[in-house]
There are 4 protein chains.
Amino acid sequence: MAGNTFGNLFKLTTFGESHGPAIGGIIDGCPAGLNIDVDFIQHQLNRRRPGQTVLTTQRNEKDKVHFLSGIFEGKSTGTPIAFVVNNEDQISKDYDHIKDVFRPSHADYTYTEKYGHRDYRGSGRASARETLSRVVAGAIAQLYLQQYGITCRAFVSQIASVKISESALELDFEEAENNMVRCPDKDAALRMIQLIEETALNGDTLGGMITCYVQGVPAGLGEPVFDKLHAELGKAMLSINAVKGFEYGSGFGAVLMKGSAHNDEMIKTTGGVQFKSNHSGGIQGGISNGAPIYFNVAFKPVSSIKAKQSTIDKQLNPVEIEINGRHDVCVVPRAVPIVEAMSALVIIDALLLQRASHPKF
Amino acid sequence: MAGNTFGNLFKLTTFGESHGPAIGGIIDGCPAGLNIDVDFIQHQLNRRRPGQTVLTTQRNEKDKVHFLSGIFEGKSTGTPIAFVVNNEDQISKDYDHIKDVFRPSHADYTYTEKYGHRDYRGSGRASARETLSRVVAGAIAQLYLQQYGITCRAFVSQIASVKISESALELDFEEAENNMVRCPDKDAALRMIQLIEETALNGDTLGGMITCYVQGVPAGLGEPVFDKLHAELGKAMLSINAVKGFEYGSGFGAVLMKGSAHNDEMIKTTGGVQFKSNHSGGIQGGISNGAPIYFNVAFKPVSSIKAKQSTIDKQLNPVEIEINGRHDVCVVPRAVPIVEAMSALVIIDALLLQRASHPKF
Amino acid sequence: MAGNTFGNLFKLTTFGESHGPAIGGIIDGCPAGLNIDVDFIQHQLNRRRPGQTVLTTQRNEKDKVHFLSGIFEGKSTGTPIAFVVNNEDQISKDYDHIKDVFRPSHADYTYTEKYGHRDYRGSGRASARETLSRVVAGAIAQLYLQQYGITCRAFVSQIASVKISESALELDFEEAENNMVRCPDKDAALRMIQLIEETALNGDTLGGMITCYVQGVPAGLGEPVFDKLHAELGKAMLSINAVKGFEYGSGFGAVLMKGSAHNDEMIKTTGGVQFKSNHSGGIQGGISNGAPIYFNVAFKPVSSIKAKQSTIDKQLNPVEIEINGRHDVCVVPRAVPIVEAMSALVIIDALLLQRASHPKF
Amino acid sequence: MAGNTFGNLFKLTTFGESHGPAIGGIIDGCPAGLNIDVDFIQHQLNRRRPGQTVLTTQRNEKDKVHFLSGIFEGKSTGTPIAFVVNNEDQISKDYDHIKDVFRPSHADYTYTEKYGHRDYRGSGRASARETLSRVVAGAIAQLYLQQYGITCRAFVSQIASVKISESALELDFEEAENNMVRCPDKDAALRMIQLIEETALNGDTLGGMITCYVQGVPAGLGEPVFDKLHAELGKAMLSINAVKGFEYGSGFGAVLMKGSAHNDEMIKTTGGVQFKSNHSGGIQGGISNGAPIYFNVAFKPVSSIKAKQSTIDKQLNPVEIEINGRHDVCVVPRAVPIVEAMSALVIIDALLLQRASHPKF
């Protein structure tokens with residue numbers, strides 16, 4: 001209710017501010033007996049970590065996860081799994097100068113209006129540092145889903161006007177991990193990197209798009225009419241910092257299509273039911289149909305730019321500010337594991353829920 | 001949990017199949033003492049009603065709402081408000097021929113995989129007829145919000161490639177109600193109508209886009225980190241039949257923008273805090289900032305086309321089908337009051353929730 | 001949240017006032033494919049019905065249930081099951097004289113303080129007539145649980161100072177249904193009936209106790225630490241009108257016992273694990289242990305007595321009232337199917353929830 | 001859903017095993033701006049702490065609480081408040097001998113049946129050590145409620161057959177804190193202490209009863225029909241380890257009363273509406289009426305006795321065990337702050353919820 005819990009049966013509750021002692025969360029409802037592969041979890045965290053490449057913020061955090069409960073002899077016990085990641089490299093005095101100022105397009109003003117009182121250091125709770133809790137929980141969900149052959153993989157498909165080519169959509173996810181921008185199209189990746197470097201010199205920031213594929217999902221997951229599978233995915237993605245839009249399957253492109261072109265013809269193959277096209281994005285009527293689920297997530301350019309900006313302070317007086325701190329020019333590459341994590345949280349919840357009524361799942 | 005409830009404090013639970021005796025719902029948590037203006041509610045239902053213009057399905061339903069509880073002497077009592085709308089003009093035999101067939105891009109296959117057993121008549125629960133319950137509850141929410149000067153108004157901004165002109169964005173909502181496609185741009189409306197008529201002759205269907213403005217929302221609504229206001233709006237919209245995408249503020253356009261251009265400069269005016277631009281779409285950090293909230297919702301072309309289609313039946317044998325029944329060529333104009341209703345449900349819930357902790361709201 | 005929903009996965013939301021057009025509810029989450037035996041459901045409703053014996057209120061309601069959705073060809077479809085029971089024999093003018101008066105120990109004052117505005121006729125939403133929705137949903141839950149060999153059976157174990165004898169605890173549930181007070185001890189039943197008749201002549205009312213046995217529950221149901229199985233049962237029972245106390249297993253008697261006497265020794269028998277005693281009441285650590293679950297529910301005497309009483313009116317002026325209307329001297333016999341229904345709702349929810357994580361259930 | 005969250009608007013999620021690194025929780029929904037008086041919180045924890053008197057377990061834990069988030073400059077920020085209490089004095093090898101054995105009336109068997117896999121050390125998650133998280137959250141709730149003049153105070157009213165005298169019910173809560181058993185009747189306290197000492201020598205354990213008063217609650221809190229205020233209190237209390245029963249107001253005594261004696265007559269005094277008696281226990285129709293709320297909670301004798309006991313092991317073979325470890329003879333005195341904490345969690349949630357719809361609260 002108060003906004004810091006995600007999921008129903010596999011339920012993540014998170015806490016933590018950017019410059020407090022720690023960030024973390026509690027997972028309630030992880031099925032017992034799951035092997036908790038801490039290396040995999042840490043690997044996912046490392047993909048999100050600041051300072052991982054020259055392109056990202058130089059705040060240097062190890063982001064090492066510590067588990068406090070719910071695991072015994074390497075396996076989940078079915079009781080709550082609590083974890084913390086300590087904040088180590090915060091430099092709070094970087095934020096003294098913005099203490100009483102509302103930075104443009106940040107959450108400074110809205111948090112103040114909502115709560116009256118806020119931790120202004122490093123954006124406090126509004127910092128994207130919060131998302132590391134999502135990555136931890138999502139990694140555990142991924143470990144569970146892997147047992148059922150379900151995978152959640154994302155990549156950067158666009159930064160500013162640089163898009164991956166159509167052919168790159170043949171989806172060599174490993175290739176995406178070979179470059180700093182997590183883009184599966186090598187050529188596009190090079191241009192993206194160049195663009196980020198140029199933009200950094202100007203003190204400006206860039207938006208981008210992430211595409212995610214969830215594969216191996218059996219037909220039957222999702223809860224109409226309100227909790228349709230794509231509605232839950234949409235909410236999950238829109239809850240990530242800086243996200244402005246979500247589309248699945250044909251998405252906004254569907255506006256231009258006719259029904260005769262959009263319908264996905266069904267056929268029977270030796271592998272079972274298949275679809276000749278996948279404009280449905282693997283979901284029909286809010287329920288998975290067994291085809292790959294895919295969707296796009298649009299990110300705005302981050303608001304922390306180096307240029308001088310006009311704004312107002314708490315007393316509503318006009319002021320000019322320059323934002324120091326250590327910020328990403330483009331957060332989109334670091335958001336890839338977050339998108340994967342959130343998709344895993346949605347899918348595991350839908351799987352457990354479906355199984356409650358239908359033991360075959 | 002099971003998907004038929006929306007909202008937390010102002011909570012709608014719905015029921016009903018297209019060809020069952022009735023459609024309806026229960027609203028739990030409507031504040032006591034609200035004047036229940038039944039005419040306004042019926043008016044909103046009529047905007048969604050089939051058969052309202054020559055462009056829409058000729059299924060002829062009065063869609064008259066009956067209240068069963070929760071209202072006494074014209075006012076809400078704070079106890080659950082139950083309502084039903086009877087189904088009157090269903091012609092179930094229209095569906096006999098598709099009983100054992102999976103229509104392409106319908107929910108036939110996924111409902112069968114999920115539940116094993118389904119009411120195939122008129123798509124059963126997957127029918128968009130379900131949305132009338134949303135309109136009833138949304139209208140009651142709108143009555144409540146009006147007391148606080150909050151309005152939720154939507155219109156058709158695109159059908160296929162016909163878009164409203166920029167200038168039409170000066171938003172004469174009343175003009176939108178003057179034409180059959182609910183488009184505030186008269187010229188575009190004419191072209192949309194023509195396109196729908198042509199497409200009808202071909203037995204095909206069309207997609208489109210709805211734009212919605214929520215105005216008068218005070219700063220401070222929304223519950224980070226997971227239940228950000230735009231994430232709730234996104235889920236609400238994506239839960240509507242045929243929706244494929246959601247974006248708010250700058251939306252997918254943000255991908256192409258730089259931070260320096262995207263940031264909304266804050267100023268103080270005699271009317272209080274204002275923003276020189278509104279790329280944020282009235283929401284920053286997941287919390288309303290007092291500026292108008294606006295967003296776009298993308299609809300696919302409906303799947304019921306008249307042309308012969310190849311598909312498979314329950315035994316997975318290939319079959320050809322022709323879909324009869326009475327279907328809309330383009331549902332987008334009828335979806336306008338649904339988009340408004342869902343936005344009202346999101347906002348009232350956020351308002352009540354904020355007030356729980358902060359009595360000033 | 002707003003109090004009219006019970007359960008998580010098998011979720012009942014109810015509506016209706018005593019003198020409105022109807023009482024009813026929506027069940028969301030009933031597994032698909034269940035045979036909905038309407039006769040059984042109506043039978044359970046008849047056990048709760050007013051006017052069933054000379055001992056109960058003479059309000060004459062058929063209490064016939066009508067289903068509006070979620071059932072197709074006699075089976076649940078997995079979509080919401082809505083039902084209504086019309087109010088037919090309400091005599092609202094019986095309540096005109098108490099319109100502006102707070103009857104002692106009724107909910108008149110508290111509903112007014114909470115909501116400002118209330119339906120005073122027949123206690124409105126606070127009427128125990130509300131419980132028929134619970135009986136309908138509980139009966140459907142019982143139909144489901146029967147497939148797993150789980151039964152929920154209750155009886156009257158005490159009215160005022162008349163208790164069943166120890167030997168009657170050998171539990172011939174059928175005998176309980178052979179008399180008007182639903183007591184399995186024939187002799188006690190006769191004395192209870194006599195006491196009720198005497199008390200009726202005096203215009204007074206009586207309290208009593210119901211004992212319930214839930215048998216066949218597998219070990220493993222219940223969700224520590226907050227949603228322990230007995231905590232959910234306790235909440236369920238305490239939510240029934242006029243209930244003042246709940247105890248399970250050894251209950252309040254445990255206060256007087258030593259640990260050495262209270263511990264239930266475990267043994268292995270040919271039938272598997274067994275317990276030499278059952279002070280635990282079938283639940284240990286909040287989780288079922290496979291032994292029968294049993295508990296007691298204490299009911300106060302109903303507040304509607306015939307004698308003249310002093311109270312105050314809405315303007316807080318002292319007034320004297322006499323309550324007319326048609327009331328039960330002792331509601332406990334009619335509450336037996338309600339206790340059974342609520343226990344079934346708790347158990348089905350726990351079963352579905354356990355199965356979500358552990359498919360063997 | 002998975003059982004480790006309590007409350008809706010002021011929501012506590014807990015984690016931790018007796019012998020893991022830490023116990024703790026996250027409070028989501030604490031209103032912003034509350035002064036977090038850490039000394040008061042620690043004081044409440046100290047009242048629950050093991051080793052506080054010669055009567056309690058000699059496990060020596062400082063139980064010092066550390067806050068990780070949600071507090072800035074001494075005040076709550078409205079974001080999640082996370083806290084941990086480290087486990088320091090666990091002696092896990094004490095439990096090696098019961099690793100594969102099911103101790104009678106413990107949760108060993110049921111956790112194994114439910115989860116397959118469990119942390120057997122010190123009862124793992126089933127340990128009452130879990131309740132310290134409740135005390136932390138409850139203390140914060142109490143800090144909030146104190147602003148509204150609401151207090152939650154409990155005391156021991158019975159241990160085995162030793163009860164407080166009627167006159168002690170004049171409720172000198174401070175006196176209760178002056179003795180090791182938290183009993184407001186000095187004479188009874190002495191007899192209780194003597195009884196505990198005697199029972200300790202025999203290696204046996206004792207049950208008891210706690211009475212709790214919640215004072216200053218305004219009329220209007222509670223959410224019928226399922227979430228009646230006393231139903232929530234009952235669930236809260238029944239969720240505490242070793243609790244077997246709950247009654248409020250007249251409780252089980254109501255079974256023996258007639259309506260004419262049970263009804264609480266209303267009068268108007270200079271202080272407003274009052275009740276001549278309080279059999280209702282401050283709650284009518286599930287909603288507070290402004291009179292003091294009071295209830296009793298029955299505790300069984302703890303299961304860890306020193307005597308040799310017969311039981312079975314994981315292979316279902318019969319075995320004899322002696323339980324070592326460091327255990328309380330009677331946990332009831334230490335449970336007093338837990339009962340207070342849980343009552344505060346129920347009341348704050350009801351208060352916030354009522355305010356959501358009715359800003360005057």
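Chain naming here is simple, since letters A, B, ... match the order of the sequence lines and numbering starts at 1 in each.
Looking only at distances, a side-chain donor or acceptor of B/Ser133 sits under 3.5 Å from a matching main-chain atom of B/Gly24. Although no hydrogens or angles enter the test, the distance criterion places no donor-acceptor pair under 3.5 Å between the side chain of B/Asp108 and the main chain of B/Tyr120. A donor-acceptor contact shorter than 3.5 Å links the side chain of B/Gln147 to the backbone of B/Tyr144.
Heavy-atom neighbours of chain C within the stretch residues 341-349 of chain B, taken at a separation under 4.5 angstrom, are nonexistent. Using non-hydrogen atoms only and a strict 4.5 Å limit, the part of residues 63-76 of chain C facing chain B consists of C/Phe67, C/Leu68, C/Ser69, C/Gly70, C/Phe72, C/Glu73, C/Lys75, C/Ser76.
Contacts of B/Arg118 with chain C are made by backbone atoms alone, with heavy-atom separations under 4.5 Å and no side-chain atom involved.
For B/Val243, the side-chain contact (heavy atoms from CB on, under 4.5 Å) partners at least two apart in sequence or on another chain are B/Leu238, B/Ile240, B/Val297, B/Phe299. Not counting sequence neighbours, the partners of C/Ala356 by the side-chain contact (heavy atoms from CB on, under 4.5 Å) test are A/Leu9, A/Leu352, A/Ala356.
Note on B/Ile81, B/Thr79, B/Ile26: by heavy-atom pairs under 4.5 Å with chain C, the leading option is B/Ile26. Taking chain C as the reference chain and counting heavy-atom pairs below 4.5 Å, the highest number among B/Gly7, B/Ala82, B/Gly124, B/Ala22 is found for B/Ala82.
B/Asn87 places none of its side-chain heavy atoms less than 4.5 Å from the side chain of B/Ser18.
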What's the verdict on side-chain hydrogen bond (donor to acceptor under 3.5 Å, both in side chains) for C/Arg125 and C/Thr14, showing C-alpha distance, side-chain angles and the deciding distance? CA-CA 10 Å; C/Arg125 182 66 177 155; C/Thr14 70; 2.7 Å; yes
